[in-house]
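Here is the structure we will look at, set down as structure tokens.
Note on naming: letters A, B, ... go to the chains in the order of the sequence lines (proteins, then strands), and numbering restarts at 1 for each one. None of these values were measured; they are calculated from a predicted model.
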Amino acid sequence: MSDKPNYKDTLNLPKTDFPMAAKLVENEPKRLEKWRELKLYERILESRKDAPLWVLHDGPPFANGDIHIGHLINKTLKDVFLRWHSLKGERTPYVPGWDCHGLPIEHKIQQELGPKLREMSTVEVRRRCFEYASKYATLQSSQFQRLGILGDWENPYLTMKPAYEASTLEVFARFVEAGLVYKQLKPVYWSIANQTALADAEIEYQDRDDMSIYVLFEIENRDALPSSLNAPAGEPVHLMIWTTTPWTLPANLAVAVAPQGNYQLVTFEKNGRRFHAVVVDQLVNRIAEAGKAQVVQVLGSAVGDTLTGVKYRHPFMDRVCPVVTADYVTFEDGTGLVHTAPGHGEDDYQTGRAYGLDIYCPVLANGRFDDTVPDWLRNQLVWDANEIIIRRLDELGVLYHQQTIRHSYPHDWRSKTPTIFRATEQWFIAVDKPFQAGGQESAGGSKSLRERALSAAKDQIRFVPEWGRARMTGMLESRPDWCISRQRAWGLPIPVFYNEQGEALLTPESVRAVARRFAEKGSDAWFTDSPAELLKDYDPGPKFPKDKLRKEKDIFDVWFESGSSWHAVLLGRSDLRYPADLYLEGSDQHRGWFQLSMLPALGATGQAPFKQVLTHGFVVKPDGRKVSKSDKEYVTATKEIETHGADLLRLWTCSVDYEGDIPTSPQVIREFGDKYRKIRNTLRYLLSNLYDFDPSADAVAEIPASSLDGWASAELDELIRQVSAAYDNYQLHRAFRLLHDFCAVQISAIYGNAMKDRLYCEKPDSPLRRRCQTVMHRMAVVLTKLLSPMLVFTADETWEHLRRAGEDADLPSVHLARAPQPAAEPPSEEQRREWELILKLRDDALLQLDALKKEAGLNKALDAELVFHVNDDAIRQKLQQYGPDLEDMAGAGHHAFAEASASESAVTVKVLDRRNDYQACARSWKRRPDVGQDPNYPDLSLRDAQAVAAMRS
RNA sequence: GGGCUCGUAGCUCAGUUGGUUAGAGCGCGUCCCUGAUAAGGACGAGGUCAUUGGUUCGAAUCCAAUCGGGCCCA
């Protein structure tokens, strides 16, 4: 220690227990415990029980595995918006949910059971699935809670709960009532090995060698051919098609052409034999080459559209079929004419429906042909049929060419065998059939689901971002009827019964009868109870004797269940309301949950289930590409939370523009820690300078505008306005940046830095110091509140270290507080210009200080003096009101005024090195002319001398 | 292949109805402070606004095409 007088003890140096290191990982769980004891969620709702409701309806994640980064982003966004609305004083109940039924869980259980599966009953398998889903719903619940998501975690909704199942059936009953449910054949992936339908998720693509063939179909009505083809009189004319699945030819019911394609009638010669065939112009040469044939001549051409009306005779089935047009016809392979079998392909099926063709499928569940085909094919396995059919076509003289190709082909992922497309009976909801919604005559009259959905998307829903509307509209325009049946065990049974004649019993009341049973016993009842028990109080009439009924085997598409959540949750709970204010999910849900919630809601009530739809993008690697689990950039949500704490992950989520892709990696998140620390340290600095400040006793009522305090106060008001607007518009990254930059610039670089001298050196209760503390205290309160939706843990921690007054005084948590309001109207234009001038002078001074540092070794701004050259009395008087701000804003020791020369602008600042002119005050380190003027304290400036004297008296 | 969408400094973001040398914060570099100290401050270097071609007196901003991503389909 030096023997110079040490004045450090006489300073009001910052003091606080608020630690610099957050130790989030260690401390967050303790705070969760505090909230639990406080019953924070219930308490917040209670404190807003008469306030307007704001309802966000949670989309149910699948109850499978740990939460991942997408869940983290989704739930964080929901929580932040809920908390913002709560901060604004609204009542924001939040009921989380889980999607529990479905294939992934059923598969998992099947894998676990292995061969034992065959010995188990459906009910036993379903019980395992139930346990599995319960386990993961519980696990994810705890992980979400660890993230700080506030909600009714004691009473979440699960789609497999009996009450929920019954509610889903009620939605179905309304569809039945509206007359929109029907049954029809539709091709699905079919595993011959397991004799079962397969979902998309059960398909894996493997390379396979198949025989591809070019086949000639003879045209039946030659007079329908466009004359521009110049078909030669008296000779047969053919359509040439190409297929890699010869076994589907018996089910051929049409040939599709591209409506805008340019087709030619070509005379080919192969092995000395001539024939005329229609093919697309750009493939003529490739066809000739492939078949080692010559193009003798091109007879004529015609556009695809003009070929409709042409009919051809099937080469070995007794039928005549049409030429149709389809958009999916391409000219990359084949002939430009596509063999169409509506019972054996998705595209073919759509075309078949469009043209009113049969959905004909002569293939049985065991992969063998039925009796509707010629003798020579009957009972043949489709794979064997390939060769038989090719041989037959050759014999008939209509096989132009055959060659082996290797292509990627869908396989059953369990048996590893190739699948086929096979038409089976499925249940549908009609989207184009007009109906009366839910008995509400006023709700749109007699319109179809599609019309209602399009109209709702057009002008009844707000989309964030706005382009969601276009995306949803496009999907609604093109979507086919909704196929709601699945051939699975783990799901909600479709409550249909069949009598001995195979007629279906499906009425609103039969569905409701089953729903009542499910509400009591859960949907397992479908597998344990008899039809008579399931229909207990319902009389289906003489056509359907209860003791002779057979139960449907199909279950619902899980989307029908999650898409009915508005009914089970929003209408089913008294604390919520229908429709919801907001649905918020990833942008993939335009097709998924958003659309498939809208359809049931419109079908049952005529009203969309949400007023606003918000979507967020997906996580990608820093280079913008898709991430996979094996990438080093893959982020494991649970691991990141354990490493950095939830608040950091939450803040990071709020910092990115979620409308687009979200670049992420462990490194990105780690480096983001700087932003958190900046905010935390700024809060800590504010708190540390408020240790002796009691807002209810020490606050200064008037903050003069012409002061840094006035400027800072106005900046804070502006921050409140802008952050509030950003939250209201769901622009979290904007809110984050405003808050962060306010900490970094307004407080840390400018205001907080400038105020050090007076905070530390003025006597504790000096007006100047108290005025600054008044502003800083408001800053701390405002920042804590505005940050509280994002930094739920840190803001609450800050709250505890903050001495509070008024309505905030007794609140045990910041999450019970109300949003901050600006203290004053926005400043006048004139006032704004005045502050701009002050900050401009500050910038000038800092540049000069930097120059002096480099040129003269002036390292401490306190050794410098700012001299303001002013040639305007009004400006001088204005500046003088700023007092010590004029030196403190640049960290200088002293300031003075001087006359400006006429050539200079109204006011300029000159920075002077005063190391050889003034003494430095031993206490404030400010170098100024008044040091030593008080004989009792020869080493102090007057201000410091008075401060020390006051404290020692 | 189709629908929707994105592409501004190393990173995260601003850039209103087209108008002076394209901004901020962070990071980085250099330096300062040591009374916010595993903190704080100052200054500085970074961009052919994905590319190309149009419209215009003038375009990051409007139009078209191309390239490269993403989501959903096929």
*For A/Trp925 and B/rG35, do the ring centres fall under 5.5 Å apart while the planes stay under 30° apart?*
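Yes, aromatic ring over the base.
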
To the side chain of [X], which of [options] is closest?
X	options	result
A/Arg591	B/rG40, B/rC26, B/rC73	B/rC73
A/Arg684	B/rC43, B/rA36, B/rG3	B/rA36
A/Asp657	B/rG69, B/rC26, B/rA14	B/rA14
A/Ala749	B/rG41, B/rG35, B/rU12	B/rG41
A/Arg625	B/rG68, B/rU12, B/rG41	B/rG68
A/His733	B/rG27, B/rC13, B/rG44	B/rC13
A/Asp850	B/rA42, B/rC26, B/rA39	B/rA42
A/Val745	B/rG69, B/rC43, B/rG25	B/rG25

*asked:* Would A/Arg915 and A/Asp863 count as a salt bridge (charged side-chain N to carboxylate O under 4.0 Å, His left out) here? Give the steps.
replied: CA-CA 6 Å; A/Arg915 282 176 294 180; A/Asp863 289 334; 5.0 Å; no

*Mind calculating the distance between CZ (A/Arg927) and P (B/rC33) to the nearest angstrom?*
13 Å

*Would you kindly give the CG-to-C1' distance between A/Leu858 and B/rC33, to the nearest whole Å?*
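So the CG-C1' distance, A/Leu858 to B/rC33, works out to 12 Å.
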
_Pair A/His777, A/Gln773: side-chain N/O donor-acceptor within cut-off below 3.5 Å_ =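 A/His777 vs A/Gln773: no donor-acceptor pair found between side chains.
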
Hunt down the Watson-Crick or G-U wobble partner of [N], both distances under 3.5 Å, from any strand shown, or write none.
N	value
B/rG44	B/rC28
B/rC62	B/rG54
B/rG35	none

Over all strands shown, is [X] touching base, sugar-phosphate only, or nothing at heavy-atom distances under 4.0 angstrom?
X	answer
A/Arg677	nothing
A/Lys854	sugar-phosphate
A/Ser655	sugar-phosphate
A/Asp661	base
A/Arg479	nothing

_Contact nearer the 5' end of RNA chain B, comparing A/Met20 with A/Trp467_ = A/Trp467

_First of A/Glu671 and A/Ser924 reached from the 5' end of RNA chain B, by closest nucleotide_ = A/Glu671

*Report yes or no: is the cationic atom of A/Arg680 (NZ for Lys, CZ for Arg) under 6.0 Å from the centre of the six-membered ring of A/Phe18, at an angle within 45° of the ring normal?*
yes

*Is it the case that A/Lys186 places NZ or CZ above or below the six-membered ring of A/Tyr349, under 6.0 angstrom from the centre and within 45 degrees of the axis?*
yes

